[in-house]
Amino acid sequence: MSEEVSTAFQAGLTHFGIAESAAAFLRYRDELLAWNSRFNLTAIKDPEEVLLKHFLDSLTLLQVYDQPGAIHVLDIGTGPGFPGLPLKIARPDWHVTLIEATGKKTTFLRHIVDTLQLTNVEVLNVRAEELAHKSPYRAQFDLVTARAVAALPTLLECSAPFCRPGGTIILPKKGELADEIKQGKRTAFRVGSHFQQDIEVTIPGLDDGRRLLVWEQQRLCPPQYPRSWAAMTKQPL
Ligand code: SAM
């Protein structure tokens, strides 16, 4: 596939101080699209759109959270790696754990981690609500994120148990969110999180109301959470 990077994408990489990472992102994009026909990894098939709507969109988290060193990051329901893997490419010192319920997606994730020779990336084929009750993972992460996985109350109930007190949860969302945020705040109170910010993000050429909802984990999440996926989605806290 083409070696060219669009001006908009290159400007985005430059903005985040990672202009030299263009080759890694192109390789990731090419592998994603090559595997897509067999593994159904993404609905976005246009090569330029992958750069903007997957990679640049993932990198926007750096606008609200960008710390040096071995930050422990968890991406829940990462699919083919979003937003966790672009963040790892951008910030190689970070330790990134990717959890994904679908085996074929974790097969792709392991392939791309090998291909790009990324270190300190853990790929787990598990359900978040089960892993969250296991002590090596509970309350361990500095930053927890999940993009396009569920409604806010479910995402918060799933994310908060993984986040250490003082840590941050960033949930990228799109569109009209007033009711969801109201419900999310109720859930946050129960799981020890507190709403911090609703930040609009802009990506060149995209005007679809992308936002980052930022929460602080103020205390340990009570041990009964998360509940089963059915309970979280049908009876939100
Ligand atoms: N985060 C990626 C993105 O933004 O492109 C993928 C989004 S995709 C719509 C949702 C992903 O979450 C799917 O790959 C699905 O298998 C995964 N998923 C859903 N529920 C999950 C759970 N309880 N635990 C782990 N992964 C889950």
Side-chain angles (χ1 to χ4, degrees), residues 25 28-29 31-33 35-36 38-47 49-62 73-90 96-113 121-134 137-138 141 143-163 169-175 177 180 187 191 201 203 206 208-213 221 225-237:
F25 281 109
Y28 186 0
R29 191 254 328 254
E31 294 295 319
L32 175 70
L33 294 178
W35 280 53
N36 203 32
R38 272 186 305 144
F39 281 65
N40 196 19
L41 298 167
T42 172
I44 297 176
K45 298 185 173 71
D46 177 74
E49 286 194 15
V50 171
L51 299 182
L52 299 181
K53 293 186 178 172
H54 281 326
F55 297 160
L56 213 48
D57 187 56
S58 298
L59 293 172
T60 59
L61 269 74
L62 296 172
V73 180
L74 175 71
D75 183 8
I76 296 172
T78 187
F82 310 125
L85 271 186
L87 292 172
K88 173 66 191 176
I89 294 169
V96 175
T97 301
L98 305 170
I99 63 182
E100 170 50 51
T102 306
K104 62 184 181 174
K105 294 183 183 173
T106 50
T107 302
F108 171 74
L109 289 167
R110 292 194 178 104
H111 165 72
I112 202 71
V113 166
V121 179
E122 188 176 21
V123 176
L124 297 171
N125 180 202
V126 286
R127 292 199 64 86
E129 64 276 25
E130 292 166 12
L131 191 72
H133 289 285
K134 307 242 158 81
Y137 294 94
R138 197 164 176 100
F141 293 90
L143 173 63
V144 180
T145 185
R147 190 186 84 154
V149 179
L152 270 184
T154 304
L155 287 183
L156 281 164
E157 187 173 341
C158 253
S159 302
F162 287 107
C163 196
I169 298 169
I170 304 180
L171 303 173
K173 282 273 174 186
K174 271 196 291 191
L177 295 169
E180 218 180 313
T187 303
V191 298
V201 289
I203 294 178
L206 301 180
D208 49 5
R210 284 165 195 256
R211 286 146 67 175
L212 298 174
L213 304 179
C221 178
Y225 304 124
R227 298 164 296 156
S228 69
W229 191 259
M232 286 192 286
T233 51
K234 291 188 187 128
Q235 296 149 355
L237 291 173

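Atoms within a ligand are numbered from 1 in the order they appear, just like the ligands themselves.
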Passes side chain to side chain contact (heavy atoms under 4.5 Å, CB included), L213 versus I170? Steps please.
CA-CA 6 Å; L213 304 179; I170 304 180; over 6 Å; no
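- Side-chain N or O atoms of T102 include none that pairs as donor or acceptor with a backbone N or O of K104 at under 3.5 Å.
- Listed by chain and number, residues touching ligand 1 at under 4.0 Å (heavy atoms only) are G77, T78, G79, F82, E100, A101, T102, K105, V126, R127, A128, E129, R147, A148, V149, W229.
- Ion pairing of K173 with E180 is present here, as a side-chain N (NZ or NE/NH1/NH2) and a carboxylate O approach within less than 4.0 Å.
- Remark: D75 does not engage R147 in a salt bridge, criterion side-chain N to carboxylate O under 4.0 Å.
- With a 4.5 Å cut-off on side-chain heavy atoms, M232 and Y225 do not count as touching.
- Partners of F25 according to the ring pair (Phe, Tyr, Trp, His ring centres under 6.0 Å) rule, which considers only residues two or more places apart in sequence or in another chain, are F9, F55.
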